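This report concerns only the one structure given below.
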Amino acid sequence: MSTEIAKAYEPREIERHWAQTWFEKQLYRPPDDAQGTVFSIVLPPPNVTGSIHIGHMLEHTQIDIIVRWRRMQGFKTLWLPGTDHAGIATQVVVERQLAAEGLKREELGREEFERRVWRWKAESGGKIKDQMIRLGVSCDWTRARFTLDPPLYRAVIEAFLRLYREGLIYRGRYMVNWCPRCKTALSDLETVHESRDGKLWFIRYPVQGASEFITVATTRPETMLGDTAVAVHPEDERYKKFIGKTLLLPLLNREIPVIADDFVDREFGTGAVKVTPAHDPNDFAMGQRHTLAEIDVMTPDAHIGAAGGRYVGLERFAAREKIVQDLKAGGLLEKTTDHALSIAICDRCKTIVEPRLSVQWFCKMQPLAAPAIEAVEKDVLSIVPENQRKIFLDWLANIRDWCISRQLWWGHRIPIWHCGKCGAMTPAADSKVEVANGRAQIASVPQSCGKCGSKELTQDPDVLDTWFSSGLWPFSTLGWPDDTEDLRTFYPTSLLISGYDILFFWDARMTMLGLHLMRGNSLEKRTPFHQLYLHGIVRDPHGIKMSKTRGNVVDPLEIIEKHGTDAFRFALAVMAAPGTDIALSEERIIGYRAFANKIWNAARFLFFNLEKAEAAGLNIDELAAPEVRANAPYTATDSLPHRWIFSRLASVIAQVNDALENFRFHEAAHVVYHFFWGDFCDWYIEWLKPQLASENRIEAAATWRNLFAVFEYALRLLHPFMPFLTEELWHRLPQRSNARSISLESFSVANPAWSDSTAEEQMTLLQEVIGAVRNTRAEAKLDARKKLAAELFSRNASVRQLADRALEPLMRLANLTEFTIQEEPFGAAGDALVRTAAQFELRIRTGAVTDVKAEIAKLKKEEQRLKKDIEAKQLRLADATFRSRAPSEIVHGLEATVAERQREYREIVDRLTELS
RNA sequence: GGGCGGUUAGCUCAGUGGUUAGAGCAUCCCGCUUACACCGGGAAGGUCGUGCGUUCAAAUCGCACAUCGCCCACCA
């Protein structure tokens, strides 16, 4: 214990100290011999080259709250951290760095480029870990993993080879989303759609050998260079006569047929559509149906390619402009209209995506999705909030094959070799990896073609989608494909907490791959996590999404430096209602910094006064004796405030546990906040103040024992939310300077005997009496410092007896005389201010002439309110249907209320008569 | 084109059928009562988006509308 405790809580140094200590002592590595049910969770791995942003802060806070709470509850708890190589995201960053030097990755070559990325990883890769350590997250750093670590590399190869052998991974030429800047294929999920104002161009395609033409409408005129047909609906009377005829493609004068296809929407545009099988997914499908030629007119960087006649070499939008001009000049452009359209852009670099025909690797998803659907439907995997469950299931039900190959250099390279002679594909024999320069590469390189035996083998140049390796995260991090102790112990994990924005990207893929790849028969044992909690997005104070361009981005580390991690965490927790986004404001955080300060000062008060009491002879050793702490500190003979606070504590503990079970962080935090500030500080401590200086040693010791017991319970309750502050105070507790960590103590457990509804009712009555006094004084603007006398007429309990000597100080009264209502001593209240309540009537002697007018106004207002209220309730009670249909406790409750209100009402009327 | 969510105090949000709808911040009044002015005490502020319905009873359930937002989708 220290008397040196500062007046205001300064979190910075304290937090730094504990963050470092927790990390260095490997406090959160679960002991191998730990008993208890396993609770395991993996961290959604942040980008290895990134830094902590507000979304991480929220996610890590929520995970850490749950993890600390579970650990304290006695679970054998593992939180496994790590980082993701984040293929395309990282590569884009490094390419930008190169661009700043005037370089392109092609100029560097694959090996040199990869070296650059590794170098960048080494430079920045430790940053995010250091930041997380600073946040104090209670994960097991000894088990930290990176998706390109050799064991995880091997897991990726193993997964690929298994799926390949099972025929679930295949290669083929299909239409994919192509980013011309990244020069790679993207999955559907990696494109985002934006609505933009576009145009619809109406172009005339002359009919061969006739003076007629068909007008088609298009939003992308440049693709006409690749047109191989024009399609109309088979039933369309306008165009029936043209079906089978030949058109002359403008500008290139290529002959193309008019085909009939049900796909065509007669209502849209002119009802005739140009067909470009190499540049549009629908047209590709039509091309397949009608065996049309596929003419690719674009290069990988979206310039017009060799098939583009005189437009060769033009960038796609320049080509568009030129083509429109030429059409106009040739009289072939009928008209142009405005047209709102939705365009796909690359999620990473925001370039407009081009649908492109190319050879890619795909993963068949339907067979993988089926067990995932089953797991959710059978509640082996439960999803919170509930509405996300439907979204999850819908996506799985309509799933399409996943394009898993990327034309990138940063990632896990596909373990397939192509034969230069016969073109056959030879997979690596197994998933062994070897390590060179600390980096993994495939060890089992095939020496000859599996089909023709040729030695002319080259490895497939593509790497896997970064989400492929992330999809293995819950088991690749635990040693899979080996049957490790960790895997047996911690898989399946208990819970996954992630943002809803990566539900499909990551959560769904993990579910499918985990179910498919993990050994063991039961669904339970294969499902990678049994609960999925999806948190919201952190927005700015006005609920607007944070973005760099808007400039409303908040750097969590700045907030932490300014206000402390605990205040930040508490603000995030208290605002995190499931299924909602969070509007974060600095004011809110400042508010919880005040809460931290409140806790600090409550401790300061306790420490300071205990020291004084010790000086007066209190035996701290006895107070701190383990058996005194461990056994129920509360005894039934304790006076009201003690019985009350322990009863409150019991209910708070139950509420917090229940709330956290259901990820209701806001509720848990709210309950703890009000317990500490309201119940503990405003009432309990204030109530006990007179007793702390008691001459009676036994009474003082009992008071201290309970005070500290409640405080310690409160610290345990608070710890998951405010780990630093509670850790610091825990170590400052009497005789706790050698404590290891509050985080390894047990969470608060309520003794059922604490629940005491009588004590709660009595306390409520006292709080009402005190409130009435305070209210009356303030309303009448009486001098707040002046001690007054008051008379209390209570109906049931004896307030005097319950309250003891705490009453006057809390009300700032000189004395309170109590009467029972029967022995009412005077008919006229004289100079007194009167307040009535259900249980009592209160008269305060002001010792001065009352402002009669103000008092009358006040009473009249109250009279009106009561009158209205009583009338409404009586009306309700007079309703026969209400009496017969409503539950009797509701009816009786209402009757009792009316009776009380009527009594109050009569008293007010009497008082008004007296005054006037 | 489908689907989902929001609309409650000045602001940001809780509140999934029952007696007087809450919180934080902001506002107003009083108080430096020896833990805390990052405090204490008190107060004011809401026809719960609109309409119709279900029910003895609706912020809460249903339908419609308005409005804002999100997700999914191959209509050129």
Side-chain angles (χ1 to χ4, degrees), chain A residues 5 7-9 175 188 193 200 216-220 223 231 263-265 267-270 272-276 280-285 339 341-342 355 387-388 390-391 394-395 398 500-501 503-504 537 539 541-545 563 567 571 574-575 577 579-585 587-588 590-609 664 666-667 670 673-674 681-682 685-686 689 771 774-779 781-785 809-810 812 865 869 872-873 876 879-887 889-891 893-898 901:
Chain A
I5 186 161
K7 190 170 171 184
Y9 177 51
M175 184 69 53
D188 295 334
H193 292 268
L200 200 53
V216 300
T218 179
T219 54
R220 293 189 296 152
T223 62
F263 165 79
V264 178
D265 176 1
E267 309 300 318
F268 189 90
T270 60
V273 56
K274 58 193 266 323
V275 183
T276 324
D280 182 275
N282 291 313
D283 294 5
F284 176 72
H339 183 67
L341 49 98
S342 154
N387 65 320
Q388 297 284 344
K390 188 175 171 287
I391 296 172
D394 284 353
W395 189 77
N398 299 309
Y500 59 70
D501 52 333
L503 178 63
F504 306 142
I537 304 284
R539 296 167 178 275
H542 300 287
I544 296 165
K545 207 166 179 173
H563 307 300
V574 91
M575 293 189 282
T580 63
D581 289 344
I582 288 171
L584 181 75
S585 67
E587 283 90 58
R588 205 68 201 264
I590 291 169
Y592 294 107
R593 185 184 64 180
F595 181 47
N597 191 53
K598 184 78 182 175
I599 299 166
W600 180 260
N601 272 288
R604 202 169 149 248
F605 173 79
L606 293 183
F607 296 156
F608 180 69
N609 280 286
R664 303 172 62 81
H666 67 304
E667 194 179 300
H670 187 261
Y673 177 93
H674 286 284
C681 292
D682 290 346
I685 290 182
E686 291 304 324
K689 272 181 178 172
R774 289 170 173 174
N775 169 295
T776 310
R777 294 184 64 130
E779 289 277 291
K781 298 210 189 302
L782 301 178
D783 187 341
R785 283 156 298 195
L810 285 169
R812 294 199 61 74
R865 191 185 68 79
D869 188 58
K873 289 192 168 56
R876 187 119 186 74
D879 185 347
T881 351
F882 169 68
R883 290 186 156 277
S884 61
R885 294 279 185 91
E889 66 262 28
I890 296 291
V891 178
L894 198 58
E895 280 170 347
T897 311
V898 170
R901 297 281 152 82

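In this text the structure is predicted, and so the values were computed from the model without any measurement. Lettering follows sequence order; numbering is per chain, from 1.
Note: A:Phe504 and A:Trp395 have parallel aromatic rings, judged against thresholds of 30 and 60 degrees for the angle between ring planes. Ring orientation note: the planes of A:Trp600 and A:Tyr9 are tilted relative to one another, at an angle of 30° to 60°.
With distances taken from any side-chain atom of A:Arg876 to the nucleotides B:rA14, B:rA73, B:rA57, the minimum falls on B:rA57. Of the candidate nucleotides B:rC38, B:rG15, B:rA76, B:rA76 has the atom nearest to the side chain of A:Phe263. Ranking B:rA35, B:rC38, B:rC71 by closeness to the A:Phe504 side chain, first place goes to B:rC71. Distance from the side chain of A:Ala577 is smallest to B:rA14 among B:rU19, B:rA35, B:rA14. The A:Ala8 side chain lies nearest to B:rC38 when the options are B:rC38, B:rC71, B:rG18. Residue A:Thr897 places its side chain closer to B:rU19 than to any other of B:rA35, B:rU19, B:rA37. When distances run from any side-chain atom of A:Cys681 to the nucleotides B:rG15, B:rA35, B:rG18, the shortest one goes to B:rA35. In the set B:rA76, B:rA35, B:rG15, the nucleotide with an atom closest to the side chain of A:Val264 is B:rA76. Closest to the side chain of A:Asp682, out of B:rC72, B:rG18, B:rG41, is B:rG41.
Look at the C1' atom in both B:rU54 and B:rG3: the space between them is 26 Å, to the nearest Å. Nucleotides B:rA44 and B:rC63 have their C1' atoms positioned 38 Å apart, rounded to a whole Å. Of the P atoms belonging to B:rG6 and B:rG45, the separation is 29 Å, rounded to the nearest Å. When the P atom is used for both B:rU67 and B:rC25, the distance is 36 Å, rounded to whole Å. Spacing of P atoms, B:rG46 relative to B:rG40, comes out at 26 Å, to the nearest Å. Separating the P atom of B:rA73 from that of B:rC52 is a span of 40 Å, rounded to the nearest Å. Rounded to the nearest Å, the gap between the P atom of B:rC75 and that of B:rG5 is 24 Å. B:rU16 and B:rG53 are spaced 26 Å apart, taking the P atom of each and rounding to whole Å.
Per the geometry, CD belonging to A:Glu889 stands 14 Å off C1' belonging to B:rA57, to the nearest Å. Look at CZ on A:Phe595: it is 13 Å from C1' on B:rC36, rounded to the nearest Å. Rounded to a whole Å, the NZ atom of A:Lys781 is 18 Å from the P atom of B:rG41. For A:Ile391 and B:rA73, the CD1 to C1' distance is 15 Å, given to the nearest whole Å.
Geometrically, A:Lys598 does not engage A:Tyr673 in a cation-pi contact defined by less than 6.0 Å to the ring centre and at most 45° from the axis.
Residue order along RNA chain B, read from the 5' end via each residue's closest nucleotide, puts A:Gly771 first among A:Gly771 and A:Thr219. Summary of the strand contacts: A:Gly543 and A:Asn601 both lie near RNA chain B, and taking for each the nucleotide with the nearest heavy atom, the more 5' one is attributed to A:Gly543.
Within 4.0 Å (heavy atoms only), A:Ala583 reaches sugar-phosphate atoms of the nucleic acid but no base atom. In this structure, A:Arg593 reaches the bases: a heavy-atom distance under 4.0 Å links it to at least one base atom across the strands shown. Residue A:Asp265 is classed as a base contact, given a heavy-atom separation below 4.0 Å to a base. At a threshold of 4.0 angstrom between heavy atoms, the contacts of A:Ser585 with the nucleic acid are absent. Contact annotation for A:Lys7: backbone-only contact, meaning every heavy-atom pair under 4.0 Å involves sugar-phosphate atoms and none involves a base. A:Pro809 comes within 4.0 angstrom of nothing in the nucleic acid, heavy atoms only. At a threshold of 4.0 angstrom between heavy atoms, the contacts of A:Asp394 with the nucleic acid are absent.
Here A:Thr580 reaches the OP1 or OP2 of B:rA14: one of its side-chain N or O atoms lies under 4.0 Å away.
The two residues A:Met575 and A:Thr580 come nearest to each other via the heavy atoms O-OG1, 4.3 Å.
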Per-nucleotide pairing state of RNA chain B [Watson-Crick or G-U, under 3.5 Å; [ ] pseudoknot-crossing; | other strand] = ((((((((.[[[[.)..(...]]]].(((((.......))))).....[[[[[..)....]]]]])))))))....
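Using a distance-only test at 3.5 Å, with no hydrogens or angles considered, a donor-acceptor pair links the side chain of A:Asn601 to the main chain of A:Lys7.
Evaluation of atom-type donor-acceptor distances gives a pair under 3.5 Å for the side chain of A:Lys598 against the base of B:rC36.
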Show the distances under 3.5 angstrom between N or O atoms of the protein and N or O atoms of nucleotides 43-49 of chain B.
unit_1 : atom_1 : unit_2   : atom_2 : d
B:rA43 : OP1    : A:Asn775 : ND2    : 2.7

Which pairs, protein N/O on one side and nucleotides 21-28 of chain B N/O on the other, fall under 3.5 Å?
unit_1 : atom_1 : unit_2   : atom_2 : d
B:rG24 : O2'    : A:Arg588 : NE     : 3.4

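At a threshold of 4.5 Å between non-hydrogen side-chain atoms, the residues A:Thr223 and A:Asp280 do not count as touching.
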